[in-house]
Amino acid sequence: MANVIVDIKNLMRLFKMGEETIHALDGVSFSINQSEFLTIMGSSGSGKTTLLNIMGCLDRPTSGRYILDGTDISSFSKTELARFRNKKLGFVFQTYNLLARTSALENVELPLLYNPAISSKKRKELASEALDAVKLSDRMYHFPNQLSGGQQQRVAIARAIVNDPVMILADEATGNLDSKTSYEIMALFQELNETKGKTIAFVTHEVDIASFSKRTIQLRDGKIIKDEPNKNVRNAREVLQNMKVTAVP
Amino acid sequence: MNLLNLLRISWKAISRNKLRASLTMLGIIIGVAAVIAMVAIGQGSKQSIQSQIAAMGSNMIVIRPVSNVTGGARLDNTTVQTLTEADVNALRKKAQYITAVSPSVSARGQVINGPYNWTTTVQGISPEYLSIRGWSLQDGVPFNEQNMKAGAKVCLAGQTVIQNLFPDRENVIGKSIRFKHIPFKIIGILSKKGENTFGQDQDDIILTPITTVQKRILPTIYYQLIFASAISENATAQAMSEIEKIMRASHRLQPGIDDDFSIRSQAELINAFSSTGRILTILLAVIAGISLVVGGIGIMNIMYVSVTERTKEIGLRMSIGARGTDILLQFLIEAILISISGGIIGVGLGFLITKLVGVFLHWPTLVTQSSVILSFLVCFLTGVFFGYYPALKASRLDPIDALRYE
Ligand SMILES: Nc1ncnc2c1ncn2[C@@H]1O[C@H](COP(=O)(O)OP(=O)(O)O)[C@@H](O)[C@H]1O
Ligand SMILES: [Mg+2]
């Protein structure tokens, strides 16, 4: 069990709304091994984002244990959490969250700017490698408004992998994209998972998208109701190819 | 966190919105330019007044007669007759803090040279007068003790007099001019001194031995003024109290009786005018300082708007590893960069305005190093002070809330 990236035990996250207490997470336990591609599913309000925020060290659990890459972060301060995010994690958001009027390259460089150990030269190098990995080397100096939605999300993915994180966290990363572009993004995630061995935790409410991952956790009212490996993992690249074939009658 | 990286981050953030940055800067630019120009005008006028007064002879002390009669009709100072030859002799003999003493009696009237005439002042003085006033001769020689004793009809003429009586200015030395039917031989021409602080033309004068005036023009044994020169500008105060002592002894004034003369030094005059200049400078600086504060409030305003507008960006930065301190410093540096850049442009603009004022209005100006340094310092502090609260607000945002912000 040397390759456990995430170890979560009996995680609780409560929100007090006046008199009422919302159990956004109500005793969640699971673990993720290295190089897993996991989908977290569930209907709206089931606690997916809350869970991902805690996994992403953006939020702290009300109670329970969270060990990330061998470190118990339950007692970390805000500053320590920030450090940890910078070194260990990569985020991909539904709305891309790229800086406007900033080139793709500079957007990808951003996490490294907050790591003083990395030189200016190294930063450029790593950023262009990351853009290479998402196949956007030819768009390095484009601004976000000169890129399509799919391309913007690929820049965001490059930004998420530039610091070589132990895990990539994606919250509805295909939520703003049409199905073909969604499949392209999933193909990219699959490739990162298979060829580079990246651990990925992917939140979605679409069964179609979940079928590209190897394992699915189903949440309902802050509890895990199902956690099992996918039997028929689809290959996004093949799906895309078939789309092209059927598109030409 | 590497400060250089933070500078980079802030710089990029500013250049992403140049228009907003320039508009924010505008307040600072105007404020600093105002400070530089206003202080330059204030300092310039102060300096020009000082140098004008100093040109009149900075060690000079003037003794005037005054009436010490209290109650009753106060006499006009010009008709008060208290200054005498005995006073001058006493001063020459006893004073240690003064180097030269000269009495003075003046008369106004018309001087004539052939077809030319000119109304001017004939001032009778002793030879020391030139050194007291720091005045030199452009041509010729000064009169000597012998001329004094004889009451010789010789004179030194000022530039304005020469100009009006000898338009061609040829062979003036040795020529005679007539004043009240008395021919005076010009033995020297005074160098140009220009206007004094009060706008009087100092070159519109004829100097002659005081004995000549007392004997031939204005029969009197009293002096209108006594001029003296302190051994140095710093010794002026000592010289003045010494003069007072000697004069009181010479006039046999009992203790408790007011002086029947007044003593004024050029240094006092300089100080009086300098303090006017200083008040002017302070006043202008305060006005300009207020505009700087207004500029600073502008920065704070825009920084607050900017923090709200960029909430999502802040959330993103936090999610990829920016600490609260990094965000705080980023916004603080942005504010400081904007205010310092505004300061640099403002100093440039201030210089330009100062130049234009000098060229078109002919006002004396002086840009001092201290006003430039002070402006920069104030800009920096303005950036820190007015940038801090918006930056603090940004740094305290919760990353999740910030990311969710629309
Ligand atoms: N900051 C918060 N304050 C109060 N309630 C919250 C907060 N964040 C989430 N919740 C509640 O917790 C539950 C789970 O929310 P969330 O994790 O966002 O669901 P999902 O992402 O699965 O749609 C919801 O009922 C939501 O209203
Ligand atoms: Mg959600």
Side-chain angles (χ1 to χ4, degrees), chain A residues 13 15 24 49-50 52-54 56-60 76-103 105-120 123 143-145 156 159-163 165 169 171, chain B residues 1-23 305-334 337 391-406:
Chain A
R13 182 66 171 102
F15 292 106
T49 298
T50 306
L52 204 76
N53 284 342
I54 293 176
C57 301
L58 288 167
D59 192 12
R60 277 174 291 195
F76 266 26
S77 71
K78 274 186 162 186
T79 304
E80 286 169 316
L81 287 177
R83 279 256 151 283
F84 224 66
R85 290 198 293 273
N86 185 248
K87 297 239 169 80
K88 304 266 182 185
L89 298 169
F91 289 92
V92 181
F93 305 95
Q94 182 175 356
T95 51
Y96 328 132
N97 288 346
L98 300 179
L99 295 187
R101 271 165 281 183
T102 306
S103 72
L105 186 69
E106 284 186 88
N107 263 297
V108 175
E109 276 183 39
L110 210 56
L112 304 179
L113 269 173
Y114 291 100
N115 182 353
I118 289 173
S119 72
S120 213
R123 197 167 60 231
F143 287 169
N145 62 352
R159 184 179 62 196
I161 61 172
V162 74
N163 57 342
L169 301 160
D171 193 355
Chain B
M1 186 69 219
N2 184 329
L3 203 66
L4 191 69
N5 279 357
L6 270 178
L7 262 170
R8 247 187 217 118
I9 289 167
S10 304
W11 179 249
K12 278 176 192 160
I14 290 173
S15 44
R16 231 179 294 133
N17 208 329
K18 291 193 187 73
L19 182 67
R20 182 171 58 199
S22 342
L23 286 175
V305 171
S306 169
V307 165
T308 308
E309 201 185 280
R310 289 158 66 189
T311 300
K312 216 166 175 145
E313 174 196 328
I314 295 164
L316 170 81
R317 287 181 186 278
M318 286 177 160
S319 76
I320 60 172
R323 296 165 304 166
T325 346
D326 296 329
I327 300 295
L328 178 86
L329 286 174
Q330 177 190 335
F331 279 86
L332 202 54
I333 292 172
E334 278 183 35
L337 280 179
L392 192 68
K393 185 188 165 196
S395 74
R396 288 192 175 156
L397 286 174
D398 178 71
I400 297 170
D401 292 340
L403 275 169
R404 213 188 292 140
Y405 184 86
E406 288 303 334

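Both backbone and side-chain heavy atoms feed into the values below; hydrogens, waters and symmetry mates do not. All chains are named by letter (A, B, ...) in the order of the sequence lines, taking the proteins before the strands, and each is independently numbered beginning at 1.
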If I take atom [atom1] from residue [X] and atom [atom2] from residue [Y], how far apart are they, to the nearest 0.5 angstrom?
X         : Y         : atom1 : atom2 : result
Arg101(A) : Arg16(B)  : CZ    : CZ    : 8.5 Å
Arg83(A)  : Ser77(A)  : CZ    : OG    : 10.5 Å
Leu99(A)  : Asn107(A) : CG    : CG    : 5.0 Å

Inset, instruction - For chain A, find which of Ser15(B), Gly324(B), Ala322(B) contributes the most heavy-atom pairs closer than 4.5 angstrom. - result: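 Highest number of pairs under 4.5 Å: Ala322(B).
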
Interface moiety of [X] toward chain B, non-hydrogen atoms closer than 4.5 Å:
X         : result
Ser120(A) : side chain
Phe93(A)  : side chain
Asn53(A)  : side chain

Legend entry - Flag side-chain contact, heavy atom, 4.5 Å: Phe331(B) against Ser10(B):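 Phe331(B) does not reach Ser10(B) side chain to side chain.
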
Legend entry - Any Leu403(B) side-chain heavy atom under 4.5 Å of Ile314(B) side chain: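 In short, these two side chains do not touch, never coming nearer than 4.5 Å.
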
Inset, instruction - Under 4.5 Å, counting heavy-atom pairs only, tell me which of Leu98(A), Asn163(A), Thr102(A), Leu81(A) racks up the most with chain B. - result: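 Among the listed options, the one with the most contacts to chain B is Thr102(A).
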
Legend entry - chain A contact via Arg8(B) - side chain, backbone, both or neither, heavy atoms under 4.5 Å: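 When you check distances to chain A, only side chain atoms of Arg8(B) fall under 4.5 Å.
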
